[in-house]
Amino acid sequence: MVRTRIAPSPTGDPHVGTAYVALFNYAWAKKNGGQFILRIEDTDRERSSEASEEMIFASLRWLGLSWDEGPDVGGPHAPYRQSQRTTIYQQHVEELIDRGAAYPCFCSKDRLDALREQQRRAKAPVMGYDRHCRSIPKAEAQARRRAGEPHVVRLAMPTQGITKVRDFLRGELEFDNTLIDDQVLLKSDGFPTYHLANVVDDHLMGITHVIRAEEWISSLPKHAQLYRAFGWEEPVFCHLPLLRNADRSKISKRKNPTSLNFYRRAGFLPEAMLNFLALMGWTMPDGREEFTLDEFVEAFTLDRIVLGGPVFDLTKLTWLNGKYIRTLGPQELLRRLRSDLLSDAYLLKILPLVRERIDKLEDFIAYASFFFVGEVSYGPDVLPKLVMKTSSPTEAAAILEELLEEELDPLLDWSKENLEARLRRFAEARSLRAGDFFMAVRVAVTGKTATPPLFETMEVLGKETCRRRLRHAVAVLKGKA
RNA sequence: GGCCCUGUCGUCUAACGGUUAGGACACCGGUCUUUCAAGCCGGCAGCAGGGGUUCGACUCCCCUCAGGGCCGCCA
């Protein structure tokens, strides 16, 4: 029985990379008549949020990648949310300690920071924990734990030899054990790190194929050692290439739209999105480039995955999406438009803001057009407002860019209250004239100087549209668009 | 810096030792058309470099180079 999983961390907007990995996992499970599981890896208490988790569910559902077991649908291995499984991890950690495969570490954050800094300055070839606490006698260590001394638990890596692990696509990989440090398994807050939780859950949930992104290869030996320490059979590991920006770095939101919400709002069809993602590092045996999810599943094999990191090319996605749109009849197209961009829910949010400002129904289209288009243009009449009185175009660009990255990108609850609080905080911190600054944001986000109230407008436009237009405004100000 | 992964047109890729190195996007031309698209036809463009192995290398091996990832009590 084949069982695969997607294990996203709910720490931000739903990521296109998650959809990519989910697609391949889904396909492999379905191809083999197995199960595809959704597990939420919310062990980072600082960054995880319910809002993010909900967006992940919504995005995967939008794409049509349905899961057989998960936090919302349950299953035989519930719970599927790691924050609800802490006692399981703690028990397993005790087992490792008993076996001598893990040990408590009492080193402070300060000590570790200093150590890292020292290694960095000395350009030490081997970075990482110096195993300071590994030599503490077990009895003493346990006594200190019982006394309540803050600590983490680390994996006791073999101090010599090599770890061999097989990657389905790359063959046998070898890692020098002396170069791998003792990974933290259990944090001082009692939560597991990814490494522990991932291995324990994959085993307990009967995952047969771990299909994940290439960025995990470097921690593969740690995972392999964990399986071996527990005496568990290892799953098949298959590392997918990383999606790339045009400059070939790992795909990032500074250089690409990475939020699935962006694609949905922009009107990319889920089937086109999946089709395109399937083309990233995989091809049909017969060379066909246009195919449905079911056809993909039917033809899918892991061995046709290509290892070079594919550049995520919005142009080709757009072309494919156009092909899909052209296959839809007017009725179906209408249904698609009505489901998001022209939904009653969306229109109902816009109308209260626009009602006071129009006198004839036909005025609606002209007045409210910026609620429906993608990017907006900045004519000579509004451009000075975008620049702001006190700054140069370059400075204005920098300000908007900082606003985006510091205040807006991290904001998941896109409400007018939060927006107002963030924008005001930002303006004050930088001593920007409120009127001037808010007008610049207004223009950036709507292309107009006269609009409904800014925060309400931004709330209705939504994060993706605001983000996208702010980005565009920055590019315009920099003379790059 | 160390370790690891990767390397065919600008981009996505086919090729499983023997091909004029094929297709798709983009771009350029043409065609259709009242316009713009779409469609159709055509064109441009690539095996990172150097050594081997072999009768024969894009394909196998080695070195170099280049790109990427990781080096967190983040995943």
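The chains referred to below are lettered A, B, ... by the order of the sequence lines, with proteins before strands, and numbering in each begins at 1.
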J.: With P as the reference atom in both, quote the distance from B:C25 to B:U64 in angstrom, rounded to an integer.
T.: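 Straight-line distance between the two P atoms is 40 Å.
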J.: Using both distances under 3.5 Å as the test, list the Watson-Crick or G-U wobble partner of B:G1, or none.
T.: B:C71
J.: Counting only side-chain nitrogens and oxygens, does A:K323 get under 4.0 Å of the OP1 or OP2 atom of B:A38?
T.: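 Checking A:K323 against B:A38: no side-chain N or O falls below 4.0 Å of OP1 or OP2.
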J.: For the residue pair A:H203 and A:Y227, is the inter-centroid distance of their aromatic rings smaller than 6.0 Å?
T.: no
J.: Looking for any heavy atom pair under 4.0 Å, which part of the strands does A:S249 touch: base, sugar-phosphate only, or nothing?
T.: sugar-phosphate
J.: Touch check for A:V311, heavy atoms < 4.0 angstrom, all strands: base, sugar-phosphate only, or nothing?
T.: sugar-phosphate
J.: What integer number of Å spans the P atoms of B:C16 and B:U53?
T.: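 Here B:C16 and B:U53 have their P atoms 25 Å from each other.
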J.: Rounded to the nearest Å, what distance is computed from the CD atom of residue A:E214 to the P atom of nucleotide B:C3?
T.: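 Rounded to whole Å, this separation is 18 Å.
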J.: Tell which nucleotide pairs with B:C27, taking only Watson-Crick or G-U wobble pairs whose two distances are both under 3.5 angstrom.
T.: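 B:C27 is paired, partner B:G43.
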J.: Taking the side chain of A:L179 as its heavy atoms from C-beta onward, which of B:C70, B:C25, B:C3 lies nearest to it?
T.: B:C3
J.: Given B:U13, B:A15, B:G69, identify the nucleotide with an atom nearest to the side chain of A:R304.
T.: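 Nearest nucleotide to the side chain: B:A15.
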J.: Which whole-number value in Å describes the distance from A:E117 CD to B:G72 P?
T.: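 To the nearest whole Å, that distance equals 12 Å.
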J.: Does any nucleotide pair with B:U59 by Watson-Crick or G-U wobble geometry, both distances under 3.5 Å, and what is it?
T.: none
J.: Ring centres of A:W216 and A:Y194 under 6.0 Å apart?
T.: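 Aromatic pair counts; centres sit under 6.0 Å.
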J.: Taking any heavy-atom pair under 4.0 Å as a contact, classify A:G287: base, sugar-phosphate, or nothing.
T.: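 Result for A:G287 = nothing.
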J.: A:Q183 CD to B:C70 C1': how many Å, rounded?
T.: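 One finds 11 Å between C1' of B:C70 and CD of A:Q183, rounded.
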J.: Would you mind telling me which residue lines up with the more 5' stretch of RNA chain B, A:F175 or A:A246, judged by nearest nucleotide?
T.: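 On the 5' side of the pair lies A:F175.
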J.: If you take atom types as modelled and just measure distance, does the side chain of A:S188 reach the base of B:C73 with a donor-acceptor pair under 3.5 Å?
T.: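 Indeed there is one.
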J.: When we call it a touch if two heavy atoms are under 4.0 Å apart, what does A:E46 touch: a base, just sugar-phosphate, or nothing?
T.: nothing
J.: Specify the separation, in whole Å, of atom CZ of A:R47 and atom P of B:G72.
T.: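 Taking CZ of A:R47 and P of B:G72, I get 15 Å after rounding.
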J.: Applying a 4.0 Å non-hydrogen cut-off, can you work out what A:E289 is touching in the nucleic acid: base, sugar-phosphate, or nothing?
T.: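 If one applies the 4.0 Å heavy-atom cut-off, A:E289 turns out to touch a base.
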J.: Quote, to the nearest angstrom, the C1' distance that separates B:U33 from B:A38.
T.: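 Their C1' atoms lie roughly 11 Å apart.
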J.: The side chain of A:L307 lies closest to which of these nucleotides: B:U13, B:U6, B:C5?
T.: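 Per side-chain heavy atoms of A:L307, the pick is B:U6.
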J.: Can you tell me whether the side chain of A:K316 and the base of B:A24 have a donor-acceptor pair closer than 3.5 Å?
T.: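 Donor-acceptor pair under 3.5 Å: yes.
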J.: With respect to the side chain of A:V184, which nucleotide from B:A75, B:A14, B:C73 is positioned closest?
T.: B:C73
J.: Provide the distance between the two P atoms, one in B:G69 and one in B:C32, to the nearest whole Å.
T.: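 The same atom, P, in both gives a distance of 50 Å.
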J.: For the residue pair A:A246 and A:V311, what are the closest heavy atoms and their distance?
T.: CA-CG1, 3.8 Å
J.: Does any N or O donor sit under 3.5 Å from an N or O acceptor when you compare the side chain of A:R170 with the base of B:C5?
T.: no
J.: Taking the six-membered ring for Trp, are A:F24 and A:F296 ring centroids under 6.0 Å apart?
T.: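 Judged by ring-centre distance (under 6.0 Å), A:F24 and A:F296 do meet the cut-off.
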J.: Quick check for you: among B:A38, B:C73, B:A75, whose closest atom lies nearest to any side-chain atom of A:V152?
T.: B:C73
J.: Could you please name the partner base of B:A48, counting Watson-Crick and G-U wobble pairs only when both distances are under 3.5 Å?
T.: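 Partner of B:A48: B:U64.
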J.: Taking only Lys NZ, Arg NE, NH1 and NH2, and the carboxylate oxygens of Asp or Glu, determine whether A:R265 and A:D340 approach each other closer than 4.0 Å.
T.: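 No, A:R265 and A:D340 are not salt-bridged.
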J.: Quickly, which of A:T208, A:D68, A:N198 forms a side-chain contact (heavy atoms from CB on, under 4.5 Å) with A:R5? Name it, please.
T.: A:N198
J.: Please tell me which of A:Q82 and A:W282 maps to the more 5' nucleotide of RNA chain B, matching each residue to the nucleotide holding its nearest heavy atom.
T.: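 That would be A:W282.
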J.: Between B:G52 and B:C70, how far is it from one P atom to the other, in whole Å?
T.: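 These two P atoms come out 38 Å apart once rounded.
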J.: Expressed as a whole number of angstroms, how long is the span from A:H239:NE2 to B:G68:P?
T.: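 Checked: the NE2 to P distance equals 20 Å.
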J.: May I have the distance from A:N275 (atom CG) to B:C12 (atom C1'), rounded to whole angstrom?
T.: 12 Å
J.: Answer yes or no on whether A:R45 is positioned over the face of A:F191, meaning its NZ or CZ is under 6.0 Å from the six-membered ring centre and within 45° of the axis.
T.: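 Yes - A:R45 lies over the ring of A:F191, closer than 6.0 Å to its centre and within 45° of its axis.
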J.: Measure the spacing between CZ of A:R471 and CG of A:L408 and express it to the nearest 0.5 Å.
T.: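 That separation rounds to 10.5 Å.
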J.: With a 4.0 Å cut-off on heavy atoms, is A:K222 in touch with a base, just the backbone sugar-phosphate, or nothing at all?
T.: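 No contact.
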J.: What distance, rounded to whole Å, do you find between the two P atoms, one in B:C12 and one in B:G7?
T.: 12 Å
J.: Could you state the CG-P distance from A:L279 to B:A14, rounded to the nearest angstrom?
T.: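 So the CG-P distance, A:L279 to B:A14, works out to 10 Å.
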J.: side-chain contact (heavy atoms from CB on, under 4.5 Å), that's the test. Do A:R228 and A:E234 meet it? Break it down for me.
T.: CA-CA 8 Å; A:R228 291 166 199 180; A:E234 292 166 38; 2.6 Å; yes
J.: Among B:C3, B:C4, B:G68, which nucleotide has an atom closest to any side-chain atom of A:I217?
T.: B:C4
J.: Using a heavy-atom cut-off of 4.0 Å across all strands, would you classify A:G281 as base, sugar-phosphate, or nothing?
T.: sugar-phosphate
J.: With sugar-phosphate meaning primed atoms plus P, OP1 and OP2, does A:T43 contact a base, only sugar-phosphate, or nothing at under 4.0 Å between heavy atoms?
T.: sugar-phosphate
J.: Heavy atoms from C-beta onward define the side chain here; which of B:A26, B:A75, B:C12 lies closest to that of A:T315?
T.: B:A26
J.: Starting at CG of A:D113 and ending at C1' of B:G72, how long is that distance when rounded to a whole Å?
T.: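 Taking atom C1' of B:G72 as the reference, CG of A:D113 is at 9 Å.
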J.: Base, sugar-phosphate or nothing for A:L173? Non-hydrogen atoms, less than 4.0 Å.
T.: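 The residue A:L173 makes sugar-phosphate contact but no base contact.
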J.: Hey, is the side chain of A:R248 poking within less than 4.0 Å of OP1 or OP2 on B:C12, counting only N and O atoms?
T.: yes
J.: Identify whether any heavy atom of A:R116 sits under 4.0 Å from a base atom; if not, whether one sits that close to sugar-phosphate; answer base, sugar-phosphate or nothing.
T.: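 Sugar-phosphate: the residue A:R116, judged by heavy atoms under 4.0 Å, touches backbone atoms but no base.
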J.: With rounding to the closest Å, how many angstrom separate the C1' atoms on B:U20 and B:A45?
T.: 16 Å
J.: As a test of reading the structure: which of B:G39, B:U13, B:G1 is closest to the side chain of A:P310, going by heavy atoms?
T.: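 In terms of side-chain proximity for A:P310, the closest of B:G39, B:U13, B:G1 is B:U13.
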